[in-house]
Amino acid sequence: ACGGSTPGAGTASGTSGGTLKLAFLGGISTPDPDTAYDGPELNLVNSAYEGLLDYRAGQAEPELVGRLATQWKANDDNTEFTFTLREGVTFHDGTAFDAAAVKASFDRRLDVDSGPAYMVKGVKSVKTSGDHEVTITLDAPNAGFLDLLASPFGPKMVSPTALEEHPWTGEEDNWFATHDAGTGPYQYGAFDQGVSYALSAYDGYWGDEPGYTDVDFDVVSNMSTVQLQLEKGEVDGLIGYTDSSAFTTLKSKPNLATYAFPSMQTPTLFVNPQSKELGDDETRTSFVSGIDFAALAQQALGDTGTSTTQVFPENLLPEADNQQKITHDSGALAQLASGKLSGGTISCGYAESSSSAQALCDNVTAMLNSAGIKAESTGYASGTYFPALAKGADGPDITFFSGFPDTANADAWGTVFYTPDGGLDLFGAEVDGVSGLLREAAKTGDTDLYSQVAAKVSESAYWYSVANSKGTAVFQDDVSGVDKAWNPVITGVLQLQTLSPSGS
Amino acid sequence: MTTTTTPATPPALSVAGLTVRYTARGEGTTAVDDVGLDIAPGQCLALVGESGSGKSTIGLAVQGLLTDPQGRGGGRVETRGTVTVGGTRLDPSVETGWRGVRGHRVTTVFQDPMSSLDPTMTIGRLLGLVTGSAAETRRWLDQVEIREPATVARSYPHQLSGGMRQRVMIALALARRPALLVADEPTTALDVSVQAQILKLLTREREQLGCGVLFITHDLGVARAVCDEVAVMRSGRIVERGPTAQVLERPTADYTARLVASRLTLDTDRHRPVGLPEPTVVASMGEALDLEHAELERRWARKALRWDDFGTSRPRTVNAPVYALELARVSKSFATGGFGRRTRKAVLHDVDLRIAAGESVALVGESGSGKSTILRIAAGLEKADRGDVVVGHRSHDGNSGGEGVQVIFQDAGSSLTPWLSVRSLLLERLGNTATGKALDARQREEHVRLALERVALPASVLDVKPAELSGGQRQRVAIARAVVVPPALLLCDEPTSALDVSVACSVLNLLNLLRHDLGLPMLFVTHDLAAARVIADRVVVISQGRIVESVPSDDLGTAITSDYGRRLLDAVLN
Amino acid sequence: MPSSTDTEGRTGDPVDAVAAPSSSTVRRRRPKKPTAGTISLGALAVVVLLAVIGPWVSPYATNIPSGEPLLPPLSGGHWLGTDNLGFDVLTRVLAGTRTSLFAAVVVTVASALAGLLIGAVAGFAGGWADAVLMRITDLFLAFPATIVAMAIVAALGPSLRSSMIGIAIVWWPLYARIARGEIRRAAGSLHVEAARIGGTRGRRLMMRHTVPTVLPTVLVTASLDIGGVIMVLASLAFIGLGSPAPSPELGLMASAGLPYVLDSWWIPVMPAIAVAVLSLIFNYLGDALRSVLRAGGA
Amino acid sequence: MVRFTLSRLGSLVLVLFSLSVLIFVVSRFGGGDPVHAYVGANASPDAMAAARVRLGLDQPVLVQYWDYLTRLVQGDFGLSVSTKRPVSDELAARVPATLELMIATVVLAVLIGLALARAYALRGRAGAVIRFVLFSAASAPSFLIATAGMLIFFAQFGWLPVSGRTSYGASSGLSGMFVLDGLLTGNIPYAFDALKHLVLPAVAASLGPGVALARVLADGLSTSLSSGYARTARSLGETEPQLLRRHGLRNAAGPALSLLGVQIGMMLSSLVVVEEIFSWNGLGQYLVKAIGAADTNSVATISLLLGAVYVVVNTLVDLGLALLDPRVRLS
Ligand SMILES: Nc1ncnc2c1ncn2[C@@H]1O[C@H](COP(=O)(O)OP(=O)(O)OP(=O)(O)O)[C@@H](O)[C@H]1O
Ligand SMILES: Nc1ncnc2c1ncn2[C@@H]1O[C@H](COP(=O)(O)OP(=O)(O)OP(=O)(O)O)[C@@H](O)[C@H]1O
Ligand SMILES: [Mg+2]
Ligand SMILES: [Mg+2]
């Protein structure tokens, strides 16, 4: 009468039954490949769907690898890209994967027109030559196009048959919210929305057979529960979510293995240009230099991050071209406390959903209060965070945001965070010349230009990259392959097919 | 007392050395003090005495309802002595042995039939718990003369009249055929005319079942009507005991004598103060007549004190209105709820009532006939649907302030705002009158003191709150408030029916004094013809919202012709 | 067994003993064993004292780290240990107690007064005004309290003040209902009629003769409610709708500390216990008050 | 009866209408903006503007409200912007989840209330101790009870699960209430497992209301046991247990029932915390998220639902009161 397994069987250890039981903390969004963006649902989407390209998993230096494409090349001005497609690949519904699927998939992403649609907005045409070759032409040069295809939320290949049978008519009755039609190693199983999600291995997968035949995700709403369940072996693993204290705790448990991988996620300080307290350049610069970011990163992030000296996320640019220009001045805060900032209150805002941002805000607040500067730290629910930041002088004075680039391309960071139209320039701060430099660099991918951007941004003191955040995962000892499954760009997503019961 | 030595049937009840002590909030009261009594089967013993003398406590003790030393409501009870019910000897302080006796050998009829029946149970179910079968229930309802037993069995207590509820109580108490029935003021809460029927019923059933009855009452008339013997209680002790006729006609104890003297009948001389001389009333007469108290007391005792002696020095107001109150063709109806259709229930039909200046009129009628409604209309608390209402000179819509009308309610306790001191209550009334407004603070204070003296209360009660006064004292405060400035008309809604006989007597004397001394016109609502006769010049009988007759008090016994009036007469003569 | 009201009407001292209220009618006070009421009153006094002077006497600040993070209780001069930021837990719990106490009292008093006023006006005026006011009250009662409070907090921005406003808005109707019912009952009672016949009208009649009847009920309800309001405030803070960190607020401290419960239980548990203790005291106090008023008012 | 039903229907409409207005006003003028939740964090201003148009948020508030109302009348609750699924789908599983928890909580609260009412009225030292324990339990915030329960019964002894509603996955059953479904389909182990999941959350949520209920009930009992009819019953030889059964409870139940009505109305507040701690995927948890995400459609729908529940529960309470006490008239 009911699905699932009997208690205990196949859940406690990987070796026994081939089911991997993972926990999702908190809610997850619809696992539709064209709406899924940066959330945990990518673990589902990226198991069931594949794009043309991917980044090599388990290595910090981003390296493009073929997924459904075996070869690819770009023309000189980055407007035309040709791909040779993998043969013998079938979609889960039995349809064979061929060149026609590429255009159909791109078109669906445009139809849906959700967040990640921008990735294919610049595509002018998709031409097929034969079943297994496509040429994509862009409206304008884009040096980062291949990176877009390799992005964890880049365009995925969707079965044309399914697309025809279930055309996009809006979110209300989206077949793809509960079904999949990809080529990936896993298929969607039973979904109990907001409670549990199941994946099962796809027999006809072209690549290596996944280590577990089934993966179950249970949604748990609080960390302590997951922690207990992990300790008791009721859950095999947790991807992401662990803040530094939970991570430290779990690290000491004998039955568990904890992992911290490099990623491009970079918790960053944003200063409100309209802030009453920090509005003028001198105060702001002095304020930013007064914060001991190395200590802050250590206190707030512990093992889940390392302080950084770079502006853009590490591995995006050559280290030497990417250095922060502001150096720590241990006396600066005391001076501000008795001078410019006496009597004022610095408010630090963070999105409640981000534990690292909260830790940073709480710690910087404590730091400021210790130095004699009144400070408070306010959490905002997701729906009020961005509107609060948009309030100008009435918004918080500073915020921490733990962002990452969509792709391993400097543009995906620079434009998004440092230009008012980019999307995540949270306070809309603008530094003269940066937009122009970034536009130019996007066409060619010239590191020199990015280096100039890094210098300007850093000197403005509107932003400060605090740390290099680690992607975390906690698994039972007997789950292996975790250290080869992580993504160099973002945290919270693993290539599930790489995981296997140790001993097999 | 000992069952073994008496070969004949054992007494229904015998009590020996019964002592009950209550302790509540650290204060002890000996409610019953070494009392002994016995009742033979088929005999009725009346237990009379003032309120708080311990009558009900004896009633509880003989049922074994005081066996829980913790008591209810936080206090403690200590009980000593023995109780023998129908030959079974029991200890009233321990529960053992009472099972099977309480509710079987001894049962009770309580005073207030409304609160004594579970409001959530139908009569049928309630009786069924005792009788055990529907047929038996039916038989008992018949037995207590309930007309539609089937309907009544399906009804809830609140759907029955007080008399019917009390019949149900009697059925409940008798259905188990007890050896002893304790009747604790079974008719006090009932209409006088219903009272007679219930008493008749009780007497008949007692004779049929042959059970002993302990009849608790404070009404000597009732005791005389139903009981063979009477025991008079005071402060927890029995002060006198004997055959009813003997005790009532030739009381030996002082206390009994006072009780008997306080009793009003249709032969009571209505032109003189009633009852025995009473110091507080005498004191207040002294104020009015300027005579020595001792002299007054002597005159009163010698029956030489007449009401006509008072008020002679009162100046006659020249332009006094002819009528203190005029109701002309007054009709009133009330909206009654019920869901779906709202209906109006007509309560008064074309009532004409005039009270001349200085006249006192008593309004009598059965419960629900509209007496209080007339009074409330006269007081401006309700508005008549139709007809004219004139008080003094002006017709009033609402109360037009000034000296206006004053009311003394039956329940004096709740007519005084509990958190205000007597002083503020009186000052407030004074401040609302034209007379009071013209006075300064000291004069007002003086006025208030005078008013208290008039009702024979010491000035020390000024700073006391109503809850700290006794019922009689509260009634006097209410009177003082009403007359602190003599009103154009004084309305009294059964001001004595909740008081002990002797207290009631002194209140009647006080009111009469005010009436004669100040010339207050008065409308006096009552059930008690004897009291009506004493206080009023004229008795008006109302029945179902219509005034049916108006009789001068002096020849009340002969002139009354209406149905209800005759029944009332019977009740008094009883 | 006769209840006290049973015999009240006829209870009369013998007429000849009229002289002043005799000693037996005036209740005598004698020293008694401590009751739940006095104990809880004492406890409240101690808590208030601690909350008021505690943070002031404490060598630590509430918003400045004063030691290593995550120190267990009784270590390094921190009686209740330190939290994840190195704040002294005891100091913060005391300061939080003060905040909670203050906020709860203000909210309760405000909503009780508002409810009393509205209920009294409705009950006293009757008719049209009554119908309108009570409809509005019913409407507010029907509003899902959580949602309204949360929506208000969301609209005003999370802060202690907004959650106080939010709670007060959903709380007053309860008082209005109680007050209105009691006032209507009181308005029909004899002493009010008597006062009216005596010529007392309008506001004076309402304030002097009617409203005081409601006060005991409202007082008891309010004192019982303070505990409840403390809990609701804590719950709102718990789901992130209270003051910003690092202001010491019990609910916020409990929720912020929840991730540490497994290894550093004192961080969330101490403030939660403080909530429980406060609420317990008010429960007792309300209960005691109620039995006193009920016994006295009979 | 007709009048009663009509008046209740009228107040239902009134409540729902004003609720919808309130929610709309508050959410539109409140601090939230649903667009970010809809398009994702790093959307460009263009993408946001497009989404705003798509969601109709660029329209005047009145137009939005009218749209909302017309769709509502047709039974369409709109889209949840945070999950991009129809609100009705989101609620389909959550309503029974919360209902199950609520029913369990109410049942447990009533049981606690009944059991403790007697204990509560105990005199002497035993009574004082019991009252102290009860008060303490009722005074502890639900997150404390929940946390303690979790640490003791899961971490320490492993007797009870602390996450979710079942270990087997959703029932395919009809009601969506797992215990009931398990029983209906005859799958006893499933029902038992669901029951085990239910225990801690229900206890954490019901202790407070249960003790409050006990208090009111104890009050009512003491009044009713010292009333005139209790005296009559005693004098007719009824024993204390008989008295309690036949007269006591029924007469004391009125105020308790009213209290229960109020508490059911407010229950969601306490369930928010409990659902959060025990990963109970119900309305409370969803509501917090929806309010956080300024997800107006979801918030409005839940509010309407709760408003309706309030009116219905109170109607039932009034019916119950009339049933318990024949003197009470429905009006
Ligand atoms: N439960 C109780 N606790 C404390 N004192 C009590 C209790 N019941 C009665 N008393 C006191 O005992 C005394 C006798 O009371 P009881 O009810 O027997 O008088 P009564 O003669 O029946 O009066 P009434 O005519 O008013 O009914 C009174 O002073 C009363 O106050
Ligand atoms: N406010 C009211 N609403 C509806 N009906 C009322 C109201 N006041 C009185 N009645 C009804 O009017 C009738 C007369 O009542 P009233 O109080 O005048 O009787 P009464 O003669 O004083 O009776 P009693 O001797 O019992 O005091 C009764 O049937 C009563 O039920
Ligand atoms: Mg008595
Ligand atoms: Mg009357």
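Quick note: numbers below take in every heavy atom, side chains included, and nothing from hydrogens, waters or symmetry partners.
- Heavy atoms of Leu151(D) lying under 4.5 Å from chain C belong exclusively to its side chain.
- Residue Leu278(C): no heavy atom, backbone or side chain, is found under 4.5 Å from chain D.
- Chain C forms the most heavy-atom pairs under 4.5 Å with one residue out of Gly228(D), Ser142(D), Ser303(D), and that residue is Ser303(D).
- In this structure, Ala140(D) and Ala276(C) approach most closely via the heavy-atom pair CA-CB, 3.7 Å.
- In terms of heavy-atom proximity, Phe143(D) sits nearest to Ala272(C) at CE1-CB, 3.7 Å.
- Contact count against chain D (heavy-atom pairs under 4.5 Å) is highest for Leu139(C) among Asp138(C), Val275(C), Leu139(C).
- Between Ser139(D) atom OG and Ile273(C) atom CD1 the span is 12.5 Å, to the nearest 0.5 Å.
- Atom CG of residue Asp287(C) and atom CZ of residue Arg215(D) lie 4.5 Å apart, to the nearest 0.5 angstrom.
- Between Tyr284(C) and Phe132(D), the closest heavy-atom pair is OH-CA, 3.0 Å.
- Looking at Ile230(C), neither its backbone nor its side chain comes within 4.5 Å of chain D, counting heavy atoms on both sides.
- Heavy-atom minimum distance, Leu280(C) versus Ser136(D): CD1-N, 3.4 Å.
- Across Leu141(C), Val277(C), Leu258(C), Leu174(C), the residue that shares the most heavy-atom pairs under 4.5 angstrom with chain D is Leu141(C).
- To the nearest 0.5 Å, the span separating CE on Met270(C) from CG on Leu144(D) amounts to 11.0 Å.
- For the atom pair Ser235(C) OG and Glu276(D) CD, the distance stands at 12.0 Å (nearest 0.5 Å).
- Only the side chain of Val273(D) comes within contact range of chain C, with heavy atoms under 4.5 Å apart.
- Neither the backbone nor the side chain of Leu305(D) comes within contact range of chain C; no heavy atoms are under 4.5 Å apart.
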